[in-house]
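Report on the following structure.
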There are 2 protein chains.
Amino acid sequence: MNAVAPTFLPLYRQIKDLVLRSLEGGEWKPGEAIPSELELAARYRVSQGTVRKAIDELAGENLLVRRQGRGTYVATHSEPREEFRFLRLAPDEGEPGPYESRAFECRRGRASVEAARILDLRPGDAIIGIRRVLLFGGRPTVLEDIVLPGTIFKGLTADRLAEHPGSIYHLYETEFGTRMIRADEKLRAAAADASAATRLGVPAGTPLLSVERVAFTYGDRPVEWRRGLYRTDQHYYRNVLS
Amino acid sequence: MNAVAPTFLPLYRQIKDLVLRSLEGGEWKPGEAIPSELELAARYRVSQGTVRKAIDELAGENLLVRRQGRGTYVATHSEPREEFRFLRLAPDEGEPGPYESRAFECRRGRASVEAARILDLRPGDAIIGIRRVLLFGGRPTVLEDIVLPGTIFKGLTADRLAEHPGSIYHLYETEFGTRMIRADEKLRAAAADASAATRLGVPAGTPLLSVERVAFTYGDRPVEWRRGLYRTDQHYYRNVLS
DNA sequence: CAGTGGTCTAGACCACCAA
DNA sequence: TGGTGGTCTAGACCACTGC
């Protein structure tokens, strides 16, 4: 928006961009190790310290994971520590536990004007719509509507959703080569309508937490739009202000 | 909790702790500049690079602010950029604007068992309870109950709240020498009870966003507990997952 | 033991700001 | 113009991992 053109781009920033391009292009895949700092320094003709600073920033943005004595790895949504990075629901009592996802709808459609604006498409472009419920301890707790660009996620069906273990972002990553790296959320309180009430097993009118999310992949490209309705009678949405 | 005793404490970590102690002890006050990197390097008998890494971390935690060509400053809640770090309410249309705070209650009391647990006090210890409404564009939007330890905030009255411009954290900082550096929040959806409905000018039963916060000062000491009820018909709570 | 990331240093130079 | 933070280098050594 109001970004000022930098008068000067430090070397380590340029190196960071080069590494980013390799990540984006799939030269190193999620879960794999990238070359050692000394190798990268030789490749780019800079000192180890400069590579180090570039990698530091990428690790800070959760794109890479450093492991002392072993190497630096491309982050992946299959790691347990990533499991609750994008799902900030915690139970009132005890630790966040496993959940079950039940997708009850998955169909192709056309982007509305709003969906097109948000996902940077044109109205009428192919999209895929998913509706699902998340169950914690067998209890329906989250009802979600997910909208995806059809071109990227072509071939995504309810069956493939059901087959796939783990988080949906893990599926995006392994099956469609699209890694989510950041998301913006807008939270509101809303009353359950008849449909949501039925799906979540609460009376109509029950206050629910409405969570609208736009998720981005490399280069700040929006590739997922979803709206969730959360029951918050036995869970809460946790956040840290720092 | 399950932190492993580090077998080895890097030098820059020790320097960081020393700087932290000076901040905590008030050697450098909010808004002031701390000594230059070279001065600190001389004081602690380490290289500039080591001081640099320590300061980098403190700046990353929003305790210090670097300003190229000028120096490094102690962060303060009086800066505009801090204004919305702890208030994540944004209007549906337009940019976050100024708001007005009306404290309609401010009284001394005794800590309940729950308040004592959360604020690390003993039940019956002195506390101060504040109730206030935040107005955006003249419209009541947030209703908050704030609980503070009486020993730290002795002498806080409704008048002083009313006199003070800017955010309440700015007041804590300037009047009571207590700087908030981090907060945990738990979000839920709740229905407006009669009292909240009146204060916020909505029908009873209206879904509201419930935000419970525990805020911490240096050393992870909890010093504020509050619960807010947010109208979300023209505003939303923004969050970034990264 | 070899290889990786992590720390620390000393010094040079650059970009930015205030006076 | 001097002082501050910001970048970059080269090299030494330490801590951790896996073979």
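Note on naming: letters A, B, ... go to the chains in the order of the sequence lines (proteins, then strands), and numbering restarts at 1 for each one. Here the structure is a predicted model, which is why all the values come from computation and not from measurement. Below, each value reflects all heavy atoms present in this structure, side chains not excepted, and no hydrogens, waters or symmetry copies.
- Between Tyr230(A) and Tyr236(A), a ring centre-to-centre spacing not shorter than 6.0 Å is recorded.
- Within the 4.0 Å cut-off from OP1 or OP2 of dC8(C), not a single side-chain nitrogen or oxygen of Lys53(B) is found.
- Taking side-chain N and O atoms only, Arg66(B) has a distance below 4.0 Å to OP1 or OP2 of dG6(D).
- Atom-to-atom, CG of Leu38(A) to P of dC13(D) comes out at 16 Å; the value is rounded to the nearest Å.
- Look at OH on Tyr44(A): it is 15 Å from P on dC8(D), rounded to the nearest Å.
- Following rounding to the nearest Å, Leu9(B) (CG) and dC16(D) (P) show an atom-to-atom distance of 12 Å.
- If you look at His77(B) and Phe86(B), their ring centroids are closer than 6.0 Å.
- Neither OP1 nor OP2 of dT4(D) sits under 4.0 Å from any side-chain N or O of Arg67(B).
- Side-chain atoms of Asn239(A) and Tyr237(B) include a donor-acceptor pair closer than 3.5 Å.
- For Glu37(B), the side-chain atoms get nearest to dG5(D) when compared with the rest of dG5(D), dC8(C), dT4(C).
- The closest side-chain donor-acceptor pair between Glu173(A) and Thr76(A) falls under 3.5 angstrom.
- Of the candidates dT9(C), dT4(C), dG5(D), dT9(C) carries the atom nearest the Thr50(B) side chain, counting heavy atoms from C-beta on.
- Between His164(B) and His170(B), the ring planes are perpendicular. Angles over 60° get that label, and only those under 30° would be called parallel.
- If you take OH of Tyr73(B) and C1' of dT4(D), they are 9 Å apart, rounded to a whole angstrom.
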(request) Between protein and nucleotides 14-19 of chain C, map the contacts as a letter string: B base, S sugar-phosphate only, - none, heavy atoms under 4.0 Å, written 5' to 3'. (result) -BBSS-
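- With respect to the salt-bridge test (charged N to carboxylate O, under 4.0 angstrom), the residues Arg66(A) and Asp56(A) qualify.
- Atom CD of Gln48(A) is separated from atom P of dC8(C) by 15 Å (rounded to the nearest Å).
- The 5' end of DNA chain D is approached more closely, in terms of each residue's nearest nucleotide, by Arg52(B) than by the other of Arg45(A) and Arg52(B).
- Phosphate contact (OP1/OP2 of dG5(D), side-chain N/O of Thr72(B), threshold under 4.0 Å): present.
- Remark: C1' of dC8(C) and CZ of Arg13(B) are 16 Å apart, rounded to the nearest angstrom.
- Ion pairing between Glu224(B) and Arg226(B) holds under the 4.0 Å rule for side-chain N and carboxylate O.
- If you take OH of Tyr12(A) and P of dT9(D), they are 13 Å apart, rounded to a whole angstrom.
- Look at CG on Leu58(A): it is 16 Å from C1' on dG5(C), rounded to the nearest Å.
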